[in-house]
Peer 1: 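Let me begin by handing over the structure; questions about it come next.
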Amino acid sequence: MFTADYLNVKNGHLCAGECDTVELAKTHGTPLYVMDEDTVRKNCRMFKTCMEKNYQNALVLFASKALNCLEMCRIANEEGLGLDVVSGGEIYTALKAGFPADRMFFHGNNKTRDELCLALDNHIGTIVVDNLFELEELNELCGEKGVKANIMFRIKPGIDAHTHDFIRTGQIDSKFGLALENGEALEAVKEAVKLPNVTLTGLHCHIGSQIFGDEPFKEAAKVMLRFYKQLKDELGLELADLNLGGGFGIKYLESDQPMAYDAFMAQVAVIVHDFCKQNGLCEPRILIEPGRSIVGAAGITLYTVGAVKEIKNVRNYVTIDGGMCDNPRYALYQSAYTVVNASQADKPADYTATIAGKCCESGDLIGENIKIAKPDKGDILAVLSTGAYNYSMASNYNRNPRAEMVMVKDGKARTIIKRESYEDLIRNDI
Ligand code: LLP
C-alpha cells in the first residue's frame, strides 16, 4: 500500500520520517506539505552515483521547477548537483540560497529581457536557448553588457513519449525548442557559431515528464547523437555537452513501475560510448535533469477532513481543507494518487471516496474512487507522492493562503516554508 519507505504506521497513525503525521498536523496546521530529508538526499545521491558509475563525465541537475525553495536549492548544492532554473524567480531563489551561478542552467521557451539580464548580470553558467529570437536578443544583450554567454540549444528530437498531452514536449508540435526534421535546429547552430557574444557548448532535449519506459529516452539519445555527428560532418563542430533532460516516472500508485534508473543510465552510457567510437566523435559530457524523481516520492500532503457527504447511489465526497490550491494536478491532468487516512492507518482501506477540495470549482478534486479507511470529521488524510509539482504549482485561488512545508528527519520536523498569512495575501494590494 505505502509507496515510500520513510512511511510507516505507529499506534494507528501514519508516520513520516519517524514523525507522527497526526501530531504534525496538530502542531503545524493543515494543509501541510511534509518532505522527508533522507529520501530527497538519497535520491540526489542515487542519480549522482548512477551517472558517475556508468559515465564518468556527467553532471546531474535538479530540475527545480519540481520544487524550488531556499532549502531545496541548499540541499541540491550540498549534494553537488547542478540546477535547472526556468524563471527569474527560480534564479533569484537559487542565488539567495547560495547556489553557485556557474552550475545553473537557465531554461524557458520565452525568457523575458529582464530575466536574461538577471541571468547575465549574475553570470548564470549556461543559457539554454529555445529559439532564434532569443538567440538574437541574447547576443545583443551580451554585447551591450560586454559579456559572453555559454549557450545550449533546446532541440525537439521528434520523440513522442507516451504521457499526458500537457506534459509531452519532444514532438514537433511543441512550443519548446527547435525541430530537427525541418532543419531549423541546424540553421540555429550555424547562426550561433557566427555570433560574437555567445559560445555554443552543447544541445539539450527533454521529451516529457512522468515517463515509465526507457525506450523513448534511448531513442532521444540516439537522435541527438546523430545530430552531433551531422554537426561534425557538415560544420566541423564538436560540442562538449549533451543534456538529455529529465522526465523519469515515479510511483504514485502501487501499480506504477518506475524504471530502474541505474540500469537505464548504464544503457545510455553504452549507446553514447558506442556511437562516439563508431563515428570518431569525442564523447560529450552527459547531463540529466531529474525533478520529479528526486522530490516527488519524498513528499506527502496532510489535510483535515471536513464534511463527508454520502450521496446515495452517486458517490461519497470526503472534503478536505485544501485541494487544487495546493495540488492542482488532478484538476489539470487527472493524476492518480494514493491517499491514506493517517488517523486510522491501521484500518482497512475499504471505503470508496472522492476527495474534494474547498475551492469553488466542481473540478477541485484530489481523486475519485479512492480507497481509504472510512474517515470521521477531523481525521487527517495523507496524500502520498506530492513532493513534486504541488507546492511549485500552488496558487492563492479563492484567496487561500499557501500551505506550510516541513522537512522531517529522525523524528524531528522543521519548517522550511512558512504558511502564508492573510496579511501576506494583501501585501501587494493597493
Ligand atoms: N528539464 C526540462 C527542460 C523540463 O521541462 C522538465 C519538466 C524537467 C527537466 C524535469 O522533468 P521531471 O524529471 O520532473 O519529470 N507539472 C507537470 C510536470 C511538468 C514538467 C515540466 N518540465 C506535472 O505536475 O506532472
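In listed order, ligands and their atoms are each counted from 1.
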Peer 1: Side chain of K111, backbone of V128: donor and acceptor closer than 3.5 Å?
Peer 2: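 Yes.
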
Peer 1: Please confirm whether Y333 comes under 4.0 Å of ligand 1, counting heavy atoms of the residue only.
Peer 2: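 Yes, Y333 has a heavy atom closer than 4.0 Å to ligand 1.
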
Peer 1: Can you classify the ring geometry of Y33 versus Y391 as parallel (below 30°), tilted (30 to 60°) or perpendicular (above 60°)?
Peer 2: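 If you compare the ring of Y33 with that of Y391, the planes turn out perpendicular.
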
Peer 1: Between ligand 1 and S209, is the shortest N or O to N or O distance under 3.5 Å?
Peer 2: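 Yes.
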
Peer 1: Before we go on, tell me: are the rings of Y330 and Y337 under 6.0 Å apart, centre to centre?
Peer 2: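 Ring centres of Y337 and Y330 not closer than 6.0 Å.
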
Peer 1: Have a look at ligand 1 and work out which part of D84, if any, has a heavy atom under 4.0 Å from it: side chain, backbone, both or neither.
Peer 2: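 Looking at D84 and ligand 1, just side chain atoms fall under 4.0 Å.
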
Peer 1: Between H107 and ligand 1, does any nitrogen or oxygen pair lie at a separation below 3.5 Å?
Peer 2: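 No, since none of the N or O atoms of H107 sits under 3.5 Å from an N or O of ligand 1.
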
Peer 1: Backbone or side chain, does any N or O of G291 fall under 3.5 Å from an N or O of ligand 1?
Peer 2: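 Yes, G291 has an N/O under 3.5 Å of an N/O on ligand 1.
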
Peer 1: Below 4.0 Å, non-hydrogen atoms only: which portion of R329 touches ligand 1? Side chain, backbone, both or neither.
Peer 2: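 Only the side chain of R329 comes within reach of ligand 1.
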
Peer 1: Measure from the ring center of H204 to the ring center of F105 and say whether it is less than 6.0 Å.
Peer 2: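 Judged by ring-centre distance (under 6.0 Å), H204 and F105 do not meet the cut-off.
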
Peer 1: E234 vs K229, test: salt bridge (charged side-chain N to carboxylate O under 4.0 Å, His left out). Steps then yes/no.
Peer 2: CA-CA 8 Å; E234 292 184 25; K229 175 170 158 39; over 6 Å; no

Peer 1: Short list, please: which atoms of ligand 1 are under 4.0 Å from a heavy atom of A63?
Peer 2: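 Per the distance check, 8 (C), 9 (C), 10 (C).
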
Peer 1: With side chain to side chain contact (heavy atoms under 4.5 Å, CB included) as the criterion, how do N197 and V147 come out once you've worked through the C-alpha distance, each side chain's angles and the decisive distance to 0.1 Å?
Peer 2: CA-CA 7 Å; N197 305 323; V147 293; over 6 Å; no

Peer 1: Taking only heavy atoms of M393 into account, list the atoms of ligand 1 that are under 4.0 Å away from them.
Peer 2: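 Every atom of ligand 1 under 4.0 Å from some heavy atom of M393: 16 (N), 24 (O).
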
Peer 1: Distance only, no hydrogens: is a donor on one side chain within 3.5 Å (strictly under) of an acceptor on the other, for R329 and N390?
Peer 2: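 No donor-acceptor contact under 3.5 Å links the two side chains.
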
Peer 1: If we only count N/O pairs under 3.5 Å, is S293 in contact with ligand 1?
Peer 2: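 Looking only at distances, the answer is no, because the N/O contact criterion of under 3.5 Å is not met.
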
Peer 1: Touching ligand 1 at all, G245? Heavy atoms, strictly under 4.0 Å?
Peer 2: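 So G245 does not count as touching ligand 1.
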
Peer 1: Relative to ligand 1, is R292 under 4.0 angstrom through side chain, backbone, both or neither, heavy atoms considered?
Peer 2: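 It is both backbone and side chain that touch ligand 1.
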
Peer 1: In terms of atom number and element, which parts of ligand 1 are under 4.0 angstrom from non-hydrogen atoms of H204?
Peer 2: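 Within the 4.0 Å cut-off of H204, ligand 1 contributes 3 (C).
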
Peer 1: Would you check if the side chain of D364 reaches a backbone N or O of K358 as a donor-acceptor pair within less than 3.5 Å?
Peer 2: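 Pair found, side chain donor or acceptor close to backbone of K358.
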
Peer 1: Looking at non-hydrogen atoms alone, which of Q210, K65, R154 comes nearest to atom 22 (N) of ligand 1?
Peer 2: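 Result: the heavy atom closest to atom 22 (N) of ligand 1 is in K65.
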
Peer 1: Check contact between P290 and ligand 1, using heavy atoms of the residue and a distance below 4.0 angstrom.
Peer 2: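 P290: in contact with ligand 1 (<4.0 Å).
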
Peer 1: State whether the side chain of N396 and the backbone N or O of R399 hold a donor-acceptor pair below 3.5 Å, judged by distance alone.
Peer 2: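 Not a single qualifying donor-acceptor pair exists.
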
